[in-house]
Amino acid sequence: MNSNSSQVIHTPKNSSYSTIYNSFSDHNLRITSNFKPSIIFTPINESQIQVAIHCSKLHDLQIRIRSGGHDYEGLSYISEAPFVLIDLRNLRLISIDTENRTAWIQAGATLGEVYYRIAEKSKKLAFVAGVCPSVGVGGHLSGGGYSMMSRKFGTAADNIIDAKLIDANGQIQDRESMGEDLFWAIRGGGGTSFGLIISWKVKLLDIPEKVTMFNVPRTLDQNATQLVYKWQHIANKVDDNLLFRIFLRNSEFRFGGGQRAIYASFTTMFVGGVDDLLHEMEDRFPELGLVKEDCIEMSWIESILFFADFPRGTSLDVLLNWNTRTNQRGYFKGKSDYVQQPISINGLEGMWKLLNQLAVENSGAELEFSPYGGKLSDISESEIPFPHRAGNIFMIEYAVYWGKIEDSQRNIAWSRKLYGYMAKYVSKSPRAAFFNYRDLDLGFNNINGNTSYEQAKIWGEKYFKNNFDRLVQVKTKFDPTNFFRNEQSIPPLLSLGHNIW
């Protein structure tokens, strides 16, 4: 095929969706196997996307938009209704302006590519976004984008300063032409509810020559329960340069083989040198017993490899490989929560018991505690749709993995059991969730697209809190026919015969 043309892949009628998915994603195998696109379209320019939108309308086909493929529920590449998959893998240009400290990034680029190109231009600039290099920019930024530097700089969405999208009429819009309401909505409200994001303009951030990392594991026999309990009281109050994360795991899942044990990994990035980090840790958390030998100073770009679990000395070129680690296939279910009061010792011990219940072959679980405070809490809940600000100590991500499809029901049931157990320890009215950790257990829209405000509000308030109503208003104004939709897209109101304002 000519390199100047887009690629259209017609799905064979007898192919299972999992076959297609193995070819186009690197994160999670969808359990169901019969949701396949009519066409997979890989455009190389904006005009081709405009044509695809026009043709989809003519043929009454939904559009699903894929950038990196790290979609927890697969909504960017599957649908029960006939659809076209627009894969943005060819739209990955990155333009760095070091003088103005900005970058234009096409939606199909991966975070690894973005980090590499920034470091290639400057050792003093960075961008605040996630730790997994193969995540696509399009969905990550439009959903929020938590980072190991978020207590210092906020979320990725907080640092967006312009965008280009194609709306439901096929028109290309930037911040000026789309207006501030739509620009507000796509920064944390999920871009695919409102259009197809082509590119983002982001603010680059000043970074010191060295940052400092440590990853210190503690088992239950090494007082992990008391350490996690104490961590909850200080994680959102430490120096804003310090983001102090915990991963709670079963050791056999993490390392394979050997005796199984629950342990907590205290994983940290400090925007600064080791001496300042040690001083902060001695002042705030001496119980961990951190010593200088536990810490590693490195450049910001080297820290990207550190958190992605690449061995020290790995070439930075690995960040340019969009297909990095695609051999790590498996099934997965993710959920999330926000914690506003420390979980009790008894509550933590109940978590350990549930983690031990998953001690079965080919399965594993991980709980990730990600602290808030700092810049995350300084910004108003309504500044952008991402509402999880002051009052939150930390966010929990629940993740369960397994290797065989026949184990799916058992593992998903376990995930829901843990989520149910945690209800008394987390946020309420609503029980909040992180949109980037999409979870259809919270509720979903009707397949035909005619979803009521009341139905969508069930899941919408969990992700967006009071911002959900404004998102519905923006959707109603800019996409009243609900052309851009999926199982958890913002619904419009005008077609439903009532309004909320």
If we only count heavy atoms from C-beta on, is the Met148 to Ser303 side-chain gap below 4.5 Å?
no

Mind checking whether Phe386 and Phe435 have side chains closer than 4.5 Å, heavy atoms only?
no

Passing option when Leu205 is tested against Val271, Leu125, Val128 for side-chain contact (heavy atoms from CB on, under 4.5 Å)
Val128

side-chain contact (heavy atoms from CB on, under 4.5 Å) partner of Lys333, the single match among Trp414, Tyr72, Trp402:
Trp402

A quick test of your reading: do over 12 heavy atoms of other residues, nucleotides or ligands sit less than 6.0 Å from CD of Glu287?
yes

Count the heavy atoms belonging to other residues, nucleotides or ligands that lie under 6.0 Å from NZ of Lys230, then report whether that count exceeds 12.
yes

Are the side chain of [X] and the backbone of [Y] linked by a donor-acceptor contact shorter than 3.5 Å?
| X | Y | value |
| --- | --- | --- |
| Gln232 | Ile343 | yes |
| Arg151 | Leu242 | yes |
| Arg66 | Gly68 | yes |

Check: [X]/[Y] side-chain N/O donor and acceptor closer than 3.5 Å:
| X | Y | answer |
| --- | --- | --- |
| Trp459 | Asn445 | yes |
| Glu366 | Tyr401 | no |
| Gln340 | Lys428 | no |

Kindly confirm or rule out a cation-pi arrangement of [X] over [Y], judged by NZ or CZ under 6.0 Å from the six-membered ring centre and within 45° of its axis?
| X | Y | result |
| --- | --- | --- |
| Lys424 | Tyr421 | yes |
| Arg470 | Phe464 | no |
| Lys335 | Tyr419 | yes |

Tyr115: which of Phe307, Phe127, Trp300 passes ring-ring contact (aromatic ring centres under 6.0 Å, His included)
Trp300

Could you pull out the closest heavy-atom pair between Pro371 and Tyr146, with the gap in Å?
O-OH, 2.6 Å

Give me the atom names and distance for the closest heavy-atom approach of Lys465 to His388.
CD-ND1, 4.3 Å

Report the C-alpha separation of Ile396 and Phe369 in whole Å, then their side-chain angles, then the decisive distance to 0.1 Å, and conclude whether the side chain to side chain contact (heavy atoms under 4.5 Å, CB included) test is met.
CA-CA 5 Å; Ile396 303 176; Phe369 288 9; 3.7 Å; yes

Hey, would you say the Phe285 and Phe244 ring centroids sit under 6.0 Å apart?
yes

Looking at Tyr372 versus Phe394, is the centre-to-centre ring distance below 6.0 Å?
no

Determine, step by step, whether Glu209 and Lys124 satisfy the salt bridge (Lys or Arg N to Asp or Glu O under 4.0 Å) criterion, reporting the C-alpha distance in whole Å, the side-chain angles of both residues, the deciding distance to 0.1 Å, and the verdict.
CA-CA 7 Å; Glu209 181 180 349; Lys124 298 179 180 180; over 6 Å; no

